[in-house]
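Heads up: the structure comes next, in structure tokens.
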There are 2 protein chains.
Amino acid sequence: MNKNIRIVIIEDDSVLRMAYKSLLSDVDDYSVVNTYASFDEAKKELINDNPDITLLDIEMPGTTGLEAIPIIKKILPQTHVIILTVFDSEEKVFNALINGASGFLTKNSSSIKIIESIHEVAQGGGAMSMNIARVVMRSFQKNLDSPLTKRETEILDLIAEGQTKTQVADQLFIDLETVRSHVKNIYIKLDVNSKSDAIKIAKTKKFI
Amino acid sequence: MNKNIRIVIIEDDSVLRMAYKSLLSDVDDYSVVNTYASFDEAKKELINDNPDITLLDIEMPGTTGLEAIPIIKKILPQTHVIILTVFDSEEKVFNALINGASGFLTKNSSSIKIIESIHEVAQGGGAMSMNIARVVMRSFQKNLDSPLTKRETEILDLIAEGQTKTQVADQLFIDLETVRSHVKNIYIKLDVNSKSDAIKIAKTKKFI
DNA sequence: AAGCAATCACCCAAAACGGGTGATTTTAAC
DNA sequence: GTTAAAATCACCCGTTTTGGGTGATTGCTT
């Protein structure tokens with residue numbers, strides 16, 4: 001029985017905290033080195049705990065899980081953070097991912113899923129429950145009923161990357177006047193009259 | 001034994017095609033209504049097949065899986081496409097997601113994982129193998145060693161969204177001159193002298 | 001034959017941009 | 001409690017970009 005994956009659990013709900021602990025302690029190569037009810041409590045101890053995996057509740061008193069991620073990654077760059085959450089709002093998911101979470105599980109995940117996910121993450125993989133995967137994938141999907149033509153979409157894409165019309169023209173090997181002409185049509189179709197509005201509308205409607 | 005999830009398999013490798021077919025046909029509520037060696041072959045038949053799930057190989061002769069996704073979604077908007085692939089380059093993953101794939105499995109996925117994923121996707125979820133999840137998550141993670149300060153990052157973020165300095169100033173309730181000052185510092189730190197270069201560098205280095 | 005997409009042209013005034021140089025205040029770290 | 005870094009604002013300059021109007025040509029698709 002070799003325990004080589006060191007796990008820390010930070011979860012304010014004591015029932016859940018204990019449940020996770022007993023679940024994971026029973027796995028052969030898992031070792032729950034410590035559990036905490038808040039990040040503020042865990043903060044100073046984490047360096048000694050030196051976890052490979054940190055299970056982190058996103059809703060907590062004091063420092064929230066979201067705020068805690070970058071701090072944890074700062075003091076323990078090699079640890080993998082797995083977020084536990086009840087809800088899965090798009091904003092929270094992306095903030096967690098941006099801050100450096102390696103996994104994202106909703107609390108309705110089965111015991112098996114949790115154990116599996118820790119293995120995957122410890123091996124350098126990513127873990128997402130199906131709810132989260134759905135949110136992430138949806139965020140990528142473009143609207144297939146865009147009013148913009150292929151060329152217009154291409155041009156708006158480049159503009160959304162911060163390029164000027166002149167740069168777009170150079171990159172596409174067309175005249176500046178042509179780009180201007182396309183942009184005018186884009187503005188009419190999207191009913192806007194500026195770059196930023198066009199980008200905003202096109203992004204919210206998933207045209208780009 | 002009620003077969004209610006209709007599945008179509010499009011995969012040019014006949015061995016794999018048959019393997020998937022027999023694997024999935026044995027599942028109680030799955031019904032493999034047809035299999036094809038290429039999308040061009042499948043194209044006209046898909047309307048009659050009316051699959052709930054389409055398993056699609058990404059590397060195929062003729063129309064590639066990537067090109068096929070939007071066409072499939074066009075003629076069968078309600079079908080869920082699950083991509084099968086050997087490799088998992090970031091570009092392919094994102095193109096598939098953008099085009100409307102609901103799932104993404106590498107071919108080393110276990111039989112159980114495949115069966116599970118189809119269930120999840122059929123229920124409206126998303127499915128990703130751990131390799132893919134890792135790629136997706138990595139793409140989100142920002143560089144924690146950015147030379148930019150919090151405010152500078154915030155401002156560059158807004159500029160990258162297409163806003164002008166004036167709009168940024170209004171939004172952050174600070175003076176235009178302050179924004180200009182920050183932007184100047186950003187340009188120095190990133191060693192650039194234009195919006196588009198700053199955005200480009202900051203994005204490739206994951207500062208924003 | 002008609003319509004749409006993509007291409008280029010010229011006019012105009014307003015807005016935004018990039019660079020320089022400098023100052024003050026607030027915040028954070030040692 | 002000092003000191004450094006971050007955030008704030010100010011005014012100079014000339015150049016580039018932007019948005020709007022109006023119109024034309026070519027090619028593809030239906």
Side-chain angles (χ1 to χ4, degrees), chain A residues 40 43-44 47 63 67-68 70-71 74-75 143-202 207-208, chain B residues 70-71 74-75 142-202 207-208:
Chain A
D40 304 306
K43 198 173 179 181
K44 326 125 190 93
I47 310 102
T63 312
E67 295 159 351
I71 306 174
K74 199 92 192 175
I75 51 181
N143 188 339
L144 294 175
D145 297 320
S146 170
L148 304 180
T149 69
K150 206 174 171 182
R151 196 57 152 177
E152 286 163 356
T153 305
E154 193 178 9
I155 287 172
L156 190 51
D157 248 324
L158 293 173
I159 288 177
E161 280 172 13
Q163 316 227 32
T164 65
K165 297 188 184 72
T166 310
Q167 290 172 319
V168 171
D170 288 348
Q171 190 169 335
L172 298 181
F173 304 107
I174 56 179
D175 196 276
L176 169 61
E177 282 305 322
T178 307
V179 177
R180 275 170 44 71
S181 174
H182 281 302
V183 170
K184 284 170 197 173
N185 288 328
I186 292 170
Y187 286 6
I188 292 168
K189 287 182 181 177
L190 302 187
D191 190 28
V192 297
N193 53 14
S194 74
K195 253 190 190 187
S196 53
D197 282 350
I199 293 170
K200 205 180 305 166
I201 298 287
F207 297 154
I208 59 168
Chain B
I71 308 174
K74 198 92 193 175
I75 51 182
K142 295 205 174 150
N143 187 341
L144 295 175
D145 297 321
S146 169
L148 304 181
T149 69
K150 204 173 172 183
R151 197 57 151 177
E152 284 164 358
T153 306
E154 192 178 9
I155 288 173
L156 190 51
D157 249 324
L158 294 173
I159 288 176
E161 277 173 16
Q163 316 228 33
T164 66
K165 296 187 184 73
T166 309
Q167 290 173 319
V168 172
D170 287 348
Q171 191 169 334
L172 299 181
F173 303 106
I174 56 179
D175 195 278
L176 169 60
E177 281 305 320
T178 307
V179 176
R180 273 172 42 72
S181 174
H182 282 302
V183 170
K184 285 171 197 172
N185 289 328
I186 292 170
Y187 286 6
I188 290 167
K189 286 182 181 177
L190 302 187
D191 190 27
V192 297
N193 52 16
S194 74
K195 252 190 193 188
S196 53
D197 282 350
I199 294 170
K200 206 180 304 163
I201 296 286
F207 296 154
I208 57 169

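The structure displayed is predicted, hence computed values, not measured ones. In what follows, chains are A, B, ... by sequence order, proteins preceding strands, each numbered from 1.
- At the phosphate of D:dG20, OP1 or OP2 sits under 4.0 Å from a side-chain N or O atom of A:Asn193.
- A:Lys184 comes within 4.0 angstrom of a nucleotide base, judged by non-hydrogen atoms across all strands.
- When distances run from any side-chain atom of A:Thr178 to the nucleotides C:dC8, D:dT22, D:dC11, the shortest one goes to C:dC8.
- One N or O on the side chain of B:Glu152 and one on the backbone of B:Thr149 form a donor-acceptor pair closer than 3.5 Å.
- Checking A:Arg180 against A:Gln167, the closest nucleotide of DNA chain D that is more toward the 5' end is the one next to A:Gln167.
- For the pair B:His182 and D:dA6, the criterion of a side-chain N or O lying under 4.0 Å from OP1 or OP2 is not met.
- Counting heavy-atom neighbours within 6.0 Å of B:Lys189 NZ, excluding the residue itself, gives a total above 12.
- Taking side-chain N and O atoms only, B:Tyr187 has no distance below 4.0 Å to OP1 or OP2 of C:dG19.
- DNA chain D lies under 4.0 Å from no heavy atom of any residue of residues 144-153 of chain A.
- A:Lys44 NZ: more than 12 foreign heavy atoms inside a 6.0 Å radius.
- A:Lys195 contributes no side-chain N or O that forms a donor-acceptor pair with the base of D:dG19 under 3.5 Å.
- Here B:Lys165 pairs with nothing under the salt bridge (Lys or Arg N to Asp or Glu O under 4.0 Å) rule; sequence neighbours left out.
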